[in-house]
Every structure is written in C-alpha cells, then in structure tokens.
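Heads up, the thing below is written out as structure tokens.
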Amino acid sequence: MSAAPPMSQAGPAAASEARAGRRRPPRRPGRMRRAGALLAGLSLAAAAVALQSTALSVEERSAALTWTGGLGEEVVASRFSARVKGVYGARSVQTTDAADKVEKATTSGIFVVVTLEATAHREPQQFAAPVLLTDDGRRYRATDKVDSSLTIVNPYIQPGWWTAGVAVFEVPVNALTGSRIVLPLKTGLLFGETYLPEVEVDLGLDEAGTQRLIADAKDVYPLTSKQ
C-alpha cells in the first residue's frame with residue numbers, strides 16, 4: 001500500500017485562513033470616489049445654508065447692519081463711508097435737469113435738504129432711497145417730487161474719492177426734532193443677500209436746531225444736475 005500523504009502541521013488559525021481565503025488590505029478610495037464624497041459634502045453644506053435661510057423671518061432677511069454717527073462726522077461702514085455736511089429747510093425746491101428743464105415742487109409741510117458725500121472702500125456701491133427716521137420711529141422715504149437723478153442715489157460711489165450729493169425729504173414740521181437720515185445700499189446681485197450695511201446719521205435737530213431750520217428755510221432751494 002502506498003503511504004498516506006503526511007498530515008499538515010498547520011494549526012487551527014492557518015486552516016481557518018485557508019478556508020476563508022487570504023484577506024486583502026482595504027482599497028484606498030479612487031479619485032472619482034473622493035471627488036464624489038467632496039461633492040456630497042458640499043451639497044450637504046449648501047442644503048444646510050438653504051435651510052438656515054428659509055428659517056429667517058422676513059424682517060431678518062431684510063435686516064441691515066447699521067453704523068451710526070453725527071452731523072459732520074465720517075461714519076465708516078463695512079463697504080462705504082458717508083458724511084453729512086449740512087441740513088437745510090425749504091418751502092419749495094426748483095430743479096434743473098441736464099436738458100435745462102426747470103420744475104418747481106412745493107409742499108404743505110417742509111422740504112428737508114441734506115447735503116452729504118460718500119466713498120466706497122473696495123468696490124463701487126450705489127444707494128437705495130434714503131430714509132428720514134423720526135424720533136417716534138416714523139420713516140419718510142426721499143420725496144418723489146425731486147427727480148432721483150439729481151440726488152445721491154444716481155451716481156455709483158467709487159473707491160478712492162468722495163462723491164457729493166443730496167437727499168430731499170418732504171415731512172411735516174413736527175417730524176423734524178430728533179430726526180436722523182438713513183443711507184441704505186441697493187440690494188446686491190446675490191439673491192436674498194442679507195445684512196447689507198447702512199449708515200444712520202443724527203441731523204442735530206434738537207428743539208433749538210429745529211426752530212433755526214424752520215426760521216432759515218429758503219423760499220426756493222435750487223437743485224441742478226451739475227451740483
């Protein structure tokens with residue numbers, strides 16, 4: 001009889017390995033798999049931002065970051081700086097546009113003409129309609145009786161130099177004391193952009209200042225496109 005083959009001397013662990021097959025080390029993810037994981041992560045981050053945005057209230061989405069100051073002060077916001085140079089009262093405003101067309105606006109209250117200047121920090125900026133904020137919280141937008149092309153909302157505020165302009169409001173006389181001007185930026189190109197900067201400047205109209213403005217109010221305040 002032929003001799004039986006010798007029995008294996010391997011132990012139980014070796015036999016188990018032989019039955020199960022040799023394990024390969026884990027494969028490193030390829031470039032496509034890593035790219036897919038990165039895109040998935042970015043998608044989750046974008047979704048989180050979208051959910052956070054939809055959770056904001058209307059007031060929160062339209063909220064602004066406000067920098068405050070006083071008459072004659074340079075108020076430095078994140079994207080621009082502004083300075084109110086003067087405040088004048090008028091019973092009427094006469095405008096002359098680039099085509100020399102003359103128009104006259106009158107009011108039963110008083111026109112408040114605010115002269116100001118602004119400069120941008122890095123990129124050109126443009127103002128939305130300024131607001132006169134009264135001491136009791138009422139808000140008066142710049143009057144539509146004066147063509148906006150003659151006011152501070154028309155030019156782009158450029159970095160590197162100061163752009164001068166005016167804002168004109170039509171308000172009741174009793175709204176003057178304690179009033180401030182608010183200069184907001186136009187909404188940017190980013191849809192749903194929140195927390196745009198704005199500047200709020202106290203016009204210095206205490207009781208005595210209000211009486212002076214009324215007493216010194218011009219019968220006609222001239223405003224031209226060349227100012």
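If you're wondering where the values come from, they're calculated on a predicted model, not measured in any experiment.
Although no hydrogens or angles enter the test, the distance criterion places a donor-acceptor pair under 3.5 Å between the side chain of H121 and the main chain of A77. A donor-acceptor pair is defined here as one N or O able to donate and one able to accept, closer than 3.5 Å; no such pair exists between the side chain of T143 and the backbone of E170.
Taking all atoms of both residues into account, the shortest heavy-atom contact from V153 to A128 is CG1-O, 3.4 Å. For the residue pair R91 and I214, the shortest heavy atom distance occurs at NH2-O, 3.8 Å. Closest approach of I157 to F127, counting heavy atoms only: CG1-CE1, 3.9 Å. Taking all atoms of both residues into account, the shortest heavy-atom contact from R79 to L185 is CD-CD1, 4.1 Å. Annotation for P124 and Q158: closest pair CG-OE1, 3.4 Å, computed over non-hydrogen atoms. Closest approach of P155 and Q126 over heavy atoms only: O-CG, 3.8 Å.
No donor-acceptor contact under 3.5 angstrom links the side chains of S92 and T106, judged on distance only.
Scanning for ring-ring contact (aromatic ring centres under 6.0 Å, His included) contacts around F111 gives an empty result, with sequence neighbours left out.
A salt bridge is defined here as a Lys NZ or Arg NE, NH1 or NH2 lying under 4.0 Å from an Asp or Glu carboxylate O, and D202 with R180 fails to meet this definition. Salt bridge absent: E73 and R83 never bring a charged side-chain N and a carboxylate O closer than 4.0 Å.
Residue L150 forms a side-chain contact (heavy atoms from CB on, under 4.5 Å) with just one option from T95, T224, T96, and that option is T95.
By the 4.5 Å heavy-atom criterion applied to side chains, V146 and L223 are counted as neighbours.
Using the six-membered ring where Trp is involved, Y221 and Y88 have ring planes that are tilted, between 30° and 60° apart.
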